[in-house]
Amino acid sequence: MKKVLIIEDEKDLSQFIQLELEHEGYEVRTAFNGRDGLDQALHEQVDLILLDLMLPGLNGIEVCRRIRLVGSTPIIMITARDSVLDKISGLDSGADDYITKPFQIEELLARMRALFRRSEIPMNHHTIVCKDLEVNMESRTVKRGNEEIELTKKEFDLLYLLLKNKNIVLTRDFLLEKIWGFDNIIETNIVDVYISYLRAKVDRKEEESYIQTVRGTGYIIRD
């Protein structure tokens, strides 16, 4: 039985989600503020966390960041704030998905199932090298020459996917689905935003970018 932790200060909403999840066969734990939620997340074994953005005590962004320092439990942000910057902040802090209130419970359940499928797919633990760029999936480290480059979870996953498919043009829709797992809530320009983040960290001035834009289609890394 999958165990889900709901960190949500709206008690009526939390109870509604809890009842629906228990009806679907999940075991559910709840917390109504950020500090209690973080404590449960760090000290209990859970399979997925539903995390509100605006929480008393400690906000959802900070809770997510602290969880990510020690673990990779799938996290879905739940919030009434739906601007692109809010979404990017949530994802940059380590969230795997983002759903905006009000939402249909069927959509939340579908997103949870998608995250469980992705987390259960075995990964190939090996290193990919392209020119002087080295990406290790097992240690989740990136080096260019002797310099280690620090990336967020989403930045790393995006770079790894592009390198794994070297010399193949990957469309924005493909990248959106594979990295974020959906295509109907977050705008496709978030792919362009994360590509710009990667270029700023990986590329060097006056040198050609590792990640090439294919106009009107998507992106590619070439040998």
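Excluded from the calculations below are hydrogen atoms, water molecules and symmetry mates; all remaining heavy atoms, backbone and side chain alike, are included.
Closest heavy-atom contact between D203 and Y210: OD1-N, 3.0 Å. Annotation for E155 and L198: closest pair O-CD2, 3.6 Å, computed over non-hydrogen atoms. For the pair I76 and Y98, the tightest heavy-atom approach, listed with the atom from each and the gap, is CG2-N, 4.4 Å. Of all the heavy atoms in M77 and G60, the pair that sits closest is CE-O, 3.6 Å. I78 and D52 get closest at one heavy-atom pair: O-OD1, 2.6 Å.
At a threshold of 4.5 Å between non-hydrogen side-chain atoms, the residues L115 and L48 count as touching. Considering only heavy atoms from C-beta on, I7 stays 4.5 Å or farther from T30 through its side chain. Residues E107 and L109 form no side-chain contact, since every pair of their non-hydrogen atoms from C-beta on lies 4.5 Å or further apart. Residues R222 and K166 fail the side-chain proximity criterion, which asks for heavy atoms closer than 4.5 Å. In this structure the side chain of L163 reaches within 4.5 angstrom of the side chain of L133, judged on heavy atoms. Residues Y219 and L170 fail the side-chain proximity criterion, which asks for heavy atoms closer than 4.5 Å. Side-chain contact between D96 and K154: present, with at least one pair of heavy atoms (C-beta onward) separated by less than 4.5 Å. Using a 4.5 Å heavy-atom threshold, the side chains of I61 and C64 count as separate.
For the pair K3 and Y26, the cation-pi test (distance below 6.0 Å, angle within 45°) is failed.
Listed by first and then second residue, the salt bridge (charged side-chain N to carboxylate O under 4.0 Å, His left out) pairs that reach into residues 33-48 are R29-E44, sequence neighbours excluded.
Of the charged side-chain nitrogens involved, at least one lies within less than 4.0 Å of a carboxylate oxygen, so that E10 and K101 count as a salt-bridged pair. Using a cut-off of 4.0 Å between Lys/Arg side-chain N and Asp/Glu carboxylate O, R204 and D132 are scored as salt-bridged. We find that E207 and R144 are joined by a salt bridge, their nearest charged nitrogen and carboxylate oxygen being less than 4.0 Å apart. A salt bridge is absent between K143 and E147; no separation between the charged side-chain nitrogens and carboxylate oxygens falls under 4.0 Å. Between E27 and K2, no side-chain nitrogen of the basic residue sits less than 4.0 Å from a carboxylate oxygen of the acidic one, so the salt-bridge criterion is not met. A salt bridge does not link K178 with D157: none of the charged nitrogens is closer than 4.0 Å to a carboxylate oxygen.
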Residues V4, V46; criterion side chain to side chain contact (heavy atoms under 4.5 Å, CB included); working and verdict: CA-CA 6 Å; V4 178; V46 297; over 6 Å; no

Where do I168 and I220 land on the side chain to side chain contact (heavy atoms under 4.5 Å, CB included) test, with the steps shown first? CA-CA 6 Å; I168 300 173; I220 186 173; 5.6 Å; no

Show, in sequence, the C-alpha distance, side-chain angles and deciding distance for F174 and L161, and conclude whether the side chain to side chain contact (heavy atoms under 4.5 Å, CB included) test is met. CA-CA 10 Å; F174 176 83; L161 184 60; 4.1 Å; yes

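Note on V191: it clusters hydrophobically with Y197, by side-chain heavy-atom contacts below 4.5 Å among ILVMFWY residues. Following chains of ILVMFWY side-chain contacts shorter than 4.5 Å, one can reach I221 starting from V193, so the two form part of one hydrophobic cluster. Under the 4.5 Å side-chain heavy-atom criterion for grouping Ile, Leu, Val, Met, Phe, Trp and Tyr, L50 is not connected to F32 through any hydrophobic cluster. The cluster map of Ile, Leu, Val, Met, Phe, Trp and Tyr, joined by side-chain heavy atoms under 4.5 Å apart, puts L162 and V169 in different clusters. A chain of hydrophobic side-chain contacts below 4.5 Å, direct or via other Ile, Leu, Val, Met, Phe, Trp or Tyr residues, connects L55 to L42.
Within the 3.5 Å criterion, the main-chain N or O of S93 finds no donor-acceptor partner in the side chain of K153. When atom types are taken as modelled, the side chain of R68 and the backbone of G94 share a donor-acceptor pair closer than 3.5 angstrom. Between the side chain of N59 and the backbone N or O of G34 there is no donor-acceptor pair closer than 3.5 Å. Without hydrogens or angle criteria, T213 side chain to R215 main chain gives no donor-acceptor distance under 3.5 Å. Listed for the N189 side chain is no donor-acceptor partner under 3.5 Å among the backbone atoms of D192.
Taken to the nearest 0.5 Å, the CZ atom of F156 stands 12.5 Å off from the NZ atom of K201. Distance check: L5 CG to Q45 CD gives 11.5 Å after rounding to the nearest 0.5 Å.
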Donor-acceptor pairs under 3.5 Å, side chain of residues 16-25 to any protein atom, not counting sequence neighbours: which ones?
unit_1, atom_1, unit_2, atom_2, d
Q18, NE2, E22, OE2, 3.1

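For the residue pair N33/D9, the side-chain donor-acceptor check at 3.5 Å is not satisfied. T141 and N136 form no side-chain donor-acceptor contact under 3.5 Å, judged by distance and modelled atom types alone.
The 12-atom threshold is not exceeded at CD of Q15, counting heavy atoms of other residues, nucleotides or ligands nearer than 6.0 Å.
Of the residues listed (L176, L158, I179), the one engaging Y194 in a side-chain contact (heavy atoms from CB on, under 4.5 Å) is L158, and it is the only one.
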